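Written below as structure tokens is the structure these notes are about.
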Amino acid sequence: MSLTKQIEQKWQKRWEDAKLFEADPDPSRQKKMVSFPFPYMNGPLHVGHAFTASRVDAYARFKRMQGFNVLWPWSWHWTGQPLLGASQRVARGDEAYIRVLCEVDGVPEVELKKFVDPLYMAQYYTNEGRFAVKSIGFSVDWRREFTTVMPVFQKFIEWQYKNLKEKGYVTRGTHPVVWCPKDKSPTGDHDRQSGEGVTPEEYTLIKYRLDDGKILPAATFRPETVYGITNIWLNPDVTYVEADVDNETWIVSQQAAEKLKEQQRQVTVKCAFLGRALIGKFFTNPLTNLKFPILPGWFVDPKTATGVVYSVPAHAPYDYLALRDLQKKPEVFVQFGLDSAMVLAIKPVSIIKVDGFGEYPAVELVEKMGIVDQNDSKANEATNELYKKEFHSGLLKANCGIYAGQSIRKVKDALSTDFKGLGVADGMYDLKEAVVCRCMTQCVVKILSDQWFLNYSDPQWKDLAHQVITQLNIYPDSAKPWFNTVIDWLREWACARTTGFGTPLPWGKGWIIETLSDSTIYMAFYTINAQIKRNNIQPDSLTFEVFDYIFLGKGDKILVAKTANLSIELLDEMRREFLYWYPFDLRNSAKELVPNHLSFCIFHHAALFPPQHWPKAIGVNGMLMVEGQGMHKSKGNFVTLKGAVEKYGADATRCGLLLGAEGMDDPDWRADNIVDLKFKFDSLLSFAGNIIVSAKQDDDTALEHWLVSQMQQRISDVTTALEELKTRTALQNALFETWNDIKWYLQRKGNSEAKALGEVVRDWLKLLAPFAPFLCEELWSQTGETGFISIAKWPIYDAGKVDVMALEQENLVTDVMADTNNILKAMKISPSRIVYYTAAYWKWRVYLKIVEKTLTGEVKINELMREFVADTAFKPHIKDIAPLVPRIIKALTKISSSRKTNMTKINVIDEKALLINAAKFLKDRFNADIAVYSESEAQPFDPKHRAVMAMPYQPAIYVE
RNA sequence: GCGGAGGUCGCCAAGCAUGGUCAAAGGCGUAAGACUGAGGCUCUUAUCCCGCAGGGGUUCGUGGGUUCAAAUCCCACCCUCCGCACCA
């Protein structure tokens, strides 16, 4: 077994033995409750879960080290349909699917056989998942774990829905879904052979009337064009039926009649005939009472909506083309017995004014694009372009009745509603593209009746939800407007269905609460579930009154306890647990859950809990990519959490993920990077381990001061970043930046014997512990500590430990090195000797005076000069000062004001001593002899007269 | 279509709110050197272009604008990713 693995197992066991992450209420300490949306158990946990949860764990560990009483619970989602579907595919012997289970999920064959039981399958993945979560080192309190099919949890959900219903947030209604007639169930995206993303869309049907009162319901997405009608198109070769539809006689395509039956209509087909039977007949436009003819149109598709189309040649390219085609073919008139004068007299009717077009946009566009006829593929393109234009910038003309002058965009919906109200229009759902079910059946739209909805349209509920968001921290902040728009946009949500696992709706027979609707406030259940399990509380005891008391403080506890057969003490204990832990302080998830789960969570808390129990913070992160692509089992790039930890180790997996991205950016999992990180951690183990052993001396030089000062900055940066869940920034600083500091120190110092270094490494381990807990525990124990670093005290920034002199001196060294390098690069030589000349004292006086001036305001050269002249101390150098001043001013523009402030505090640096001190280091670096002089020294070695160029913070350099 | 997020020096990615301290952090990759029996590890240095002196030139999706000064502010455009419902 590898060393990494040994370390991981050792500490995982020690944490468990010490019950380190089991959190109980402790009034003497502040609490933090963090959470992660429970994963759905139809497959193994993967690195995407690991990414999101690693952020939670880093935050939890950070807060724990800061002294908070941290609760991180975890559970498993079993509610819904896919688990059943998956199990059925195994039962059916679906080979492709079974292969995925074996090869990707790593399910052993003996287990696989038992997957015909969906509950067994869920339990298998749950057990695997728990193992993986423990192995990656998430600091979870497992006593609170549950699955969503457990009776005690279902009692909780029943309580939730009873309350929602009482508050009027649950409504009843109808809802259109994509429906498989064979399976007799809704066909979601995952269940489709083709047609992903296609949703039911409502056509407006204009009820044109034949003379005998029969109705031709012509389908359109543009009801406003009714004012521009010239005729109806029927496909002469297609079978239409005459049917009794809700006590009217409709003429629609055969297919349409079948569809209408699924849409809450009474349909009785009376007779069938070919479309040609009606060609040449006239009908009435119910809005204008004008009469128009029925003409043959072969482009009409009987599978789309009613198969009845009305023609608006001025604004619809297809209609114009069909009309033009027809008018060119006198033989067709004869065939259908049409009056040629009547057909030739049909002219487009213009009803929409649109920018960039004249009277007849469709005509113009067809001519411009050179479209040949209605079979030309460009006709579709023209249609899309024109519809878009007219929708966005079109205005209805004077011939459009009461809608004249209105913009299409605004009036479209109102117009359809008005027409329906007048009884001249109706609606019908259909799919814009074909959807085929996995069972190869063509899907239709079905209107489900008596559906139960969560009424997210309710304006008061929306208002409350907005209030929740107002008092909530969202990380990153940029996601906040998104939440607000989602709250505004959400409509009724069908919250129950008839199949799958889940909690039965307390009042509706045969309905089960849908998966996204049973996971909105379950975080509250965590607060009491340990008690429920420990005391073996039975579902029967978890009455509505019990939950009312625990979560809302309602009712008389003596009475409640008695009727529920619980002890008053226990009831009170659960109430106290809830009050202690709730609300949760952080919930973190991937951004895909913003428009559903996270927003539902906000809605439901708003509905059910008082403001003091509303969520405190929500974190949102990107979606994990694998080697630059979305992770899919079918793509063969699926990486399980268990597999990653086995291969790369827990710490490397966690850190590899967290270094990928923060905010809402999508992190990319690259195996090469993780491997590299694993090596880095191996090296860190010995690197830090060596320092821990050797750091015993009481050294207290500027270098130690520098290191300790740098460390203060790192502490501050990591802490600030973690507070805002900027896990990448935090880890970047905790790992690489700090490590680089220590490496620099070691190079400069030449040994690792200073106690101060040991102290810095201890702090370093603490900064790193939330991210790489196993490694840090191991190294922590090597320092002689007997406690866990997981609960060690988080380092606090200490301004008193910052030595600005030490910091500036080190800056000077690196600046001098950069300058020297630049010179060497330009000269393209390897030097044998490098000489530095440091600035004379009077130059420092000049320099610092100018620094002060630039800090307080604008610097005027002549004023400055006047001051220097007035000061007798500068008298001997006044001629040299004049050219110096502009040079200094220019150099200072490149220096930050905080550094300038430090310069004034520090005053004069003994640069010569500093550089002499660093001479050995510089000698090694440049592989050259180093000499240092002050320019004020008598006759220094200076063959090229460089010394005069010396400036404070910028010694002159001579290279040979 | 609607809504959200983004486009930075080979790749990933900071910076942009509060314009000058930005040729622009860090990681990866690459090159050279060190260590080593050897190295796929680790360590050091370098890594936009030009420059025999610490300087100069051209960069931050594209095109304009504001300003003494723009990766950062304003306008327009192009491109990428994500969500859009009964499904977890």
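Keep in mind it's a predicted model, so treat the numbers as computed, not measured.
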**Prompt:** Which part of the nucleic acid does A:Thr199 contact within heavy-atom distance under 4.0 Å: base, sugar-phosphate only, or nothing?
**Reply:** sugar-phosphate
**Which nucleotide in B:U42, B:U44, B:G3 has an atom nearest any side-chain atom of A:Arg925** = B:U44
**Request:** Produce a footprint string for nucleotides 7-20 of chain B: one letter per nucleotide, 5' end first; B if the base is under 4.0 Å from any protein heavy atom, S if only the sugar-phosphate is, - if neither.
**Result:** ------SS------
**Message:** What's A:Tyr958 touching, base or sugar-phosphate or nothing? Going by heavy atoms closer than 4.0 Å.
**Reply:** base
**Request:** Using a heavy-atom cut-off of under 4.0 Å over every strand shown, decide if A:Asn740 touches base, sugar-phosphate, or nothing.
**Result:** sugar-phosphate
**Request:** Using the C1' atom on both, measure B:G65 against B:C84 and round to a whole Å.
**Result:** 37 Å
**Request:** In plain terms, say whether A:Arg670 and A:Asp668 are close enough for a salt bridge, that is, a side-chain N and a carboxylate O under 4.0 Å apart.
**Result:** yes
**Near-ring test A:Tyr203/A:Tyr429, centroid separation under 6.0 angstrom** = no
**Item:** Ring center gap for A:Phe921 and A:Trp744 short of 6.0 angstrom
**Value:** yes
**Fill in**
B:U42 -> Watson-Crick or G-U wobble partner, both distances under 3.5 Å, gives B:A34
**Message:** Is it the case that the ring center of A:Trp669 lies less than 6.0 angstrom away from the ring center of A:Phe51?
**Reply:** no
**Prompt:** Side chain of A:Val959: nearest nucleotide among B:A53, B:A5, B:A88?
**Reply:** B:A53
**Asked** Looking at A:Ile930, A:Asn927, A:Val932, which hits side-chain contact (heavy atoms from CB on, under 4.5 Å) with A:Leu922?
**Response** A:Ile930
**Message:** Quick check for you: among B:C28, B:A88, B:A53, whose closest atom lies nearest to any side-chain atom of A:Tyr40?
**Reply:** B:A88
**Message:** Tell me if a side-chain donor or acceptor on A:Asp666 pairs with a main-chain N or O of A:Met623 at a distance below 3.5 Å.
**Reply:** yes
**Message:** OP1 or OP2 of B:U45 versus the side-chain N and O atoms of A:Asn821: is any pair under 4.0 Å?
**Reply:** no
**Fill in**
Of B:A25, B:G83, B:C28, the nucleotide closest to the side chain of A:Asp676 is B:C28
**Prompt:** Phosphate oxygens OP1/OP2 of B:U44: is one of them under 4.0 Å from a side-chain N or O of A:Gln747?
**Reply:** yes
